[in-house]
Every structure is written in C-alpha cells, then in structure tokens.
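We name chains A, B, ... by the order of the sequence lines, and we start the count at 1 in each one. Here the structure is a predicted model, which means the values were calculated and not measured.
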Amino acid sequence: MNILTVLIPVSLVLGGVGLLFFVFTLKSNQYEDPDGDAQRILSDEFDDKPKS
Amino acid sequence: MSGASASFSACPACSAAPSAVDIAARTAQKDANLALSVPGIHCAACISTVERCLSKVDGVKSARVNLTLKRATVEAAADVTAAMLVEALSEVGFEAHELDAGALSATSTDKAARELLMRLAVAGFASMNVMLLSVAVWAGAADATRDMFHWISAAITLPTVIFSGQPFYRSAWGALRAGRLNMDVPITLAILLAVATSLWETALSGEHAYFDAALTLTFFLLAGRYLDHRTRAVARSAAEELAALEVPRAIVWQDGQERELRTAELRVGDIIVVRAGGRMPVDGVIVEGTSELDRSLLTGESLPVFAEVGQAVSAGEVNLTGLLKVEASAVGEETSLHRMADLVAIAESGRSKYTSLADAAAKLYAPGVHILSALAFLGWLVYSGDMRVALNIAAAVLIITCPCALGLAVPAVTTAASGRLFRAGMLIKHSTALERLAQVDTVVFDKTGTLTRGTPELSNFADVSAEDLAMAYGLAEGSSHPLSRAIVAAAKDAGVAAAPVQDVSEVAGYGTKGTLHGQELRFGRASWTGATAGEGTAAWLKLGDAEPVTFAFNDSLREGAAQAVRSLQAAGKHVCLMSGDNEGAVKAMAMRLGIEDWTAEALPAEKAARIQQMSAEGHKVLMVGDGLNDTAALTAAHVSISPASALDAARVASDIVLLGADLSPIPAAMTTASKAVKRIKENFRIATLYNVIAVPLAVAGLATPLIAAVAMSTSSITVSLNALRLRGAGK
C-alpha cells in the first residue's frame, strides 16, 4: 500500500494540471465565440497563427 | 423604420452637406474600433466572405467575426467609417448595422460568466478527485487507509466548497435576511451540513463521509446556474445591441454652423436640424422648412402628415422630404416619447403577478425539505439517543432531497428552448416569457409597422395607364420619399421606362415637379395638384391643365404576416387586429388577412384597456406591436412581442423581440414554448420519482454515501438529457 504515497500526489498533480490548463483557456478568450469556432474549422482559409 | 434605414436614406443628403461626413470621420479618429451587427451570418462560408470583404476596404487593418453574437469587429484607420463598411457588406449581400461602441462596452467582457465558469471548473476538478478517492472507500478500504482517504478528501473539499459555493451562500443569506426561503437555502444547508458531519465522522474515524456528495451537488447546481446565466447574458447582449443600433446623435444649428451632438446634450431652445429620413430627437416647433411627417410609430396612422412652420412635432416622428429646423421645447426625459412611460407603469402592475414554475415548485419544496430533515433528526435523536447518528441521517436526507434535478431541470430546458428560438430569429428577454407564451389563447396584432412593413406600395395599378406611370416614374426617380420609391418599384415591375421629364425639383412638403414637352408636370399632395383628397394614402399626377390622376397606395404586408395569422388561427387561437389607423385602412387589412375581430382608431389607453378587459375575462393575451402607441398594451398583455424595427420604448416593454423582418416564427415559437413547459413539468416528475424512491431509504437510515451519489447523479443526468431532447425535436 506504500505505493499510495506516490500515486495520490501524482493523481492530484495531474488533475491540477488539467485545471490550470482550463484556467488558461478561459483567460485566453477561448469561450467567447463557441459557434464561430465550431464553424471556422470548416473554412478553407489557412493561416499560420490564429487571428487575435 | 429603424435608425439604420433612416441613416441610409439620409445618405444622399450627406454628400450635399459634407459636414456630417467630417463629423463621422472625427468620431472614428477617436475610436478606430468599429462594431457592426451582421444578423445574416450563420455558417463558415459567411464568416470568410464577411471577413474577406471587410479586409478589402481601404484602411481596414483587421476584421473579426463573432458568430455567436452575430457581430463583426473591425480595426481600421481613422478615415474608415461604419457607413463604408455597411455599404461594402451590402454589396456582397449581407445586411449590416452600425453599433454604438459605447453602449456595447458593458458586454464585451462578461465577468460574471467567467467567474461562474471558474467556480464550475474548480468544483468539477475537486468532485472528480474526491469521487475517485470515494470509490476506493466504497470498494472496501478500511481502518487507516479509509481515514487517510477521508482526510485527503476533506483537504480538497473544504477550500473548494468555500470557493465554489459562494453564489449559493450569498443568495441564501440574502433570502434569509429578508425573511424568505428560496431554493438556495436548502442547498446551502445541505452542503454545509454534509461537510460538517463528514468532518466530524472523519475525526472519529467513522465509516460514512459525504464529501463527494457535497462536491457533486455543488458541481451540478453550478452547471445549472451557468446555463441560466448564459441564456440571460445572450438575451441581454442582444437587447443591448438593439439599443446600440440607434446611435443617438442630433445636428444642432449653433452660431450659423451645424454641430453634431449626442441627444443627451440637447437643451430646450436649441435649434435642431432634421434631414429627410431623420427621426425627431425632441419635441418642438418647426421654425424653418416644409416637409411631410411619418407618425406611424406614435399613432399608427399610415398617412404622412404635412408639416410647415409653426407646427408642433413630437420625438419619434420621421421627417420624410424636406430639411426641417425645429426649436426644441422638451428634451430627453421630458419628451412625449418618455411621458408614455407613465401609461406603461400603470399597466406594469398586472404583469408581476406571474410566478414561474420553478418558483412555485421551490415554494412547496424548500419548507418541505427542511421539515422532513428536521423530523428525521428529531425522530432518530429520540429513538437512538445518539446525536451523531441523528445528524448523519439528517444530512443524508438533505443531500438526497437536494434540488439538483430541480436546479438543473429548468435552466437546461429554457436554455435549449431559447437557443432554438434565437436561431429562428427570436430573442427571449424575460426569464418567464416562455412559460407565459405557452399559455396564450388570444393574439392581438398592431397594424402599421407590425403586420405591415411601414413602406407603401401602389395599390390601384390596374387603373393607372402606362403613360401616367411613365410620367410619375420620371418625376419619382430622383426622390427618396417613400411614395416615390413605391412608384419606382411599381414601374420597374411593370417594365415601364421613365418619361423624359426635365427640370425635376422636389418641393418639400408638397411633391415633385418638372417639365415634359413644355408643360408643367406635378406629382404630390391633393391640394397642390388641384385634386380632392380621399381616404387612404394617395398622390396625384397633374400634367398642365389636365385632370389630376390618382395613385393610391397601401401598406405592403410584412413577410410571413399572412402565414403567421393563418397558422395561429389554425392552432385555435383568437386573432384580433387593433390599430390607431383610420377605419378604411384597418378594415381592408383585416379582410385581406381574414381577421374578423378588428378595432380602428384606437388610442393607446384604449388598446391597453381592451387588453386588460380580455385578461379580466380569463384570456391570456399575446400582444404583437411596434409603436409608441402600443407600449402600454404591450405591458398590459400577458406576454408581448415586438419586431426589431420597433421604437426603443416598445422593445423595452415587450418580453420577446423578433430579430428578423419575418413574422412567421411566432406560431412556431408558441409550439416550442408549450413543448418547453411540458418538458419542465416532466423533469419535475422525474425528480420527484427519484426522491420518492431515495427519501424513505435516507429517513430509515439505510442511505450510504454510495446510494446518495448514485441517486443524485442519475437524476441530474436524466433531466439534462430530457431537456436536450427539445434541441433536436422537430428539426
């Protein structure tokens, strides 16, 4: 059962990484235009970096 | 009708008066970020067409479409005006309107939604972790291992509950302080009691801890709260957008110069210049110029009124032909437009009586839950004499009965239904509007501007000879007066070429004149052409000394109006027509649409009174109207709809705004509304069923954290799935 001392912190850290990533997406305005983002993937215009 | 189309027709005048362009450019210099509302975009191809078209305009640095808000934001050099962008877009077939950036700033960053989303994410993260730890406990972890898992769960749960649960605590505290009970009181109590008893149990190395339940509860309820917030935020931003469409500027004549001011800065005594196509920003008296006024938004009259020096005008009237100078006698809140608010306030009192289904359920539910849980606590305390057992059971009862499904059921259904209606072009402004719409049995329509488009069309086409039409066409070609444009449209349809009329000039307020083969040709008002005026809208053509020829006009029907009336009647609703216009026009319209119950020349107060009388007779009335004379009636009705072209005051008074020009979504909206109400009730029944099964277990002390978790999650998921059925249904 000693493995738990490793596994529990590891699972918490992984979950925390997920949470931080979500916070990042929230801060970078990725939920401002959900309908548009869903449609833009079908566009034939390609660009090197996302438009701001 | 709307501010946008008014600015279109003002455009020919702009070139004659370059100052307006200069002023617009100066405003752009300060703020190079332009916002446009583009209601027509709906797909990937539209996005790239609009963005490409906007980027091609000289001086535009970047253009970005937001499909969710149907809006385009453009970053551009100082000399680019919104009018240029609107024109560029109309060339590729997209209707666009300028938005007042000032009025929009509030919506650009929706802080509250982000805050809720953040709390939801934290709660989701914590509940998943704690749930995993709990699975280990349910699977049989014992002794020190179980205690350790419980302590870790507690360490995750405590900060999360404190952070994520805040919206509930605040609302519950607010309700308690006011001496009321709302849905958040049992929620708060359940969360806090669950965490407190679980901590106590953990400290005593007990077997049952409800950390996972407290967190899933918070998570599900926050999800419901977020959906609810989003629905209202979309509606609010769209409503603000409509307000932003009317850029409130007025041109003031000061020291021999024209200056553009915001309407809020106008003073009594200012001389205001109103161009053809412009709307009166103030009440006042005409001091210079002659023209015709369109009062349809205020009174419902479709006939333009002659305007000359000395005549009083009211805010909201539209100047049709000549340039007018008006001395302001009342501005801002003092105008007759705002005074109408008194009537609205009187009608308002009847509206607030409606209790939403969710509130009605909460009123029954909240005290019931508290009594049940208190009884379970007392019963077990007396029976076993053990405080710890009794508290544990009380917590289990609260958790299991907690309105997870209830808190999720209503927002999930309203979100799905409003999303569907929004896509059909309807904006639900009021949170209970859907439920009220479902009860409607009587529909009252206004005529001018609602059933009709407010633009005339030639009605006695058959009586007019091709030569007369050609002459009228020759005169009307250069004019932007609505009747002239109707003549042009009719002539083009008939394939008639314009007669070679020379020296065409517009005589503001009277008509247009010119010369043809050496004879004077006039087209305009009865008194000016020597004809006798009859009933209804008409203009006369007079060549030299010949008898004047009558051109009669009637209001063209709005798209989908006939269809909407027919399907409402087919659905068994009673349809009425109530208008401020004269009897002839109203009767003709009623006959054309097959409406048997009609009222003409109705004053604003009469409209409201008639609706109140219908309500008193037990009818649930839906009022559809656009004018200022409808505002009181819109407020008095059980539920109300106004088109986007309506006056600001009418849109504020109504519960639902039609975003497009088409009326046909109304019957479909009523079907969707009744379906939504059916789903809400179904969801209540499902939630009750779960409670009926699980509550006896909890009261009997048989509920384990596992049972609580299963009951809560399955009921929440079932109601959400049931709500989502509405999204796809009948597509």
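Heavy atoms of B:L132 lying under 4.5 Å from chain A are absent altogether. Residue contact with chain B, scored on non-hydrogen atoms closer than 4.5 Å, involves the side chain of A:I8 exclusively. For B:N66, the parts lying near chain A are the backbone and the side chain together; criterion is any non-hydrogen pair under 4.5 Å. Looking at B:I152, only its side chain comes within 4.5 Å of chain A, counting heavy atoms on both sides. Using a 4.5 Å cut-off between heavy atoms, B:I47 contacts chain A through its side chain alone, with no backbone atom that close. Neither the backbone nor the side chain of B:M128 comes within contact range of chain A; no heavy atoms are under 4.5 Å apart.
The distance from atom SG of B:C43 to atom CZ of A:R40, rounded to the nearest 0.5 Å, is 12.0 Å. Between the CG atom of A:L20 and the CZ atom of B:F125 there is a distance of 8.5 Å, given to the nearest 0.5 Å.
Contact detail for A:L12 and B:I156: the closest heavy-atom pair is CD2-CD1, 3.5 Å.
Ranked by heavy-atom pairs under 4.5 Å with chain B, the first of A:L42, A:V23, A:L26, A:D37 is A:L26.
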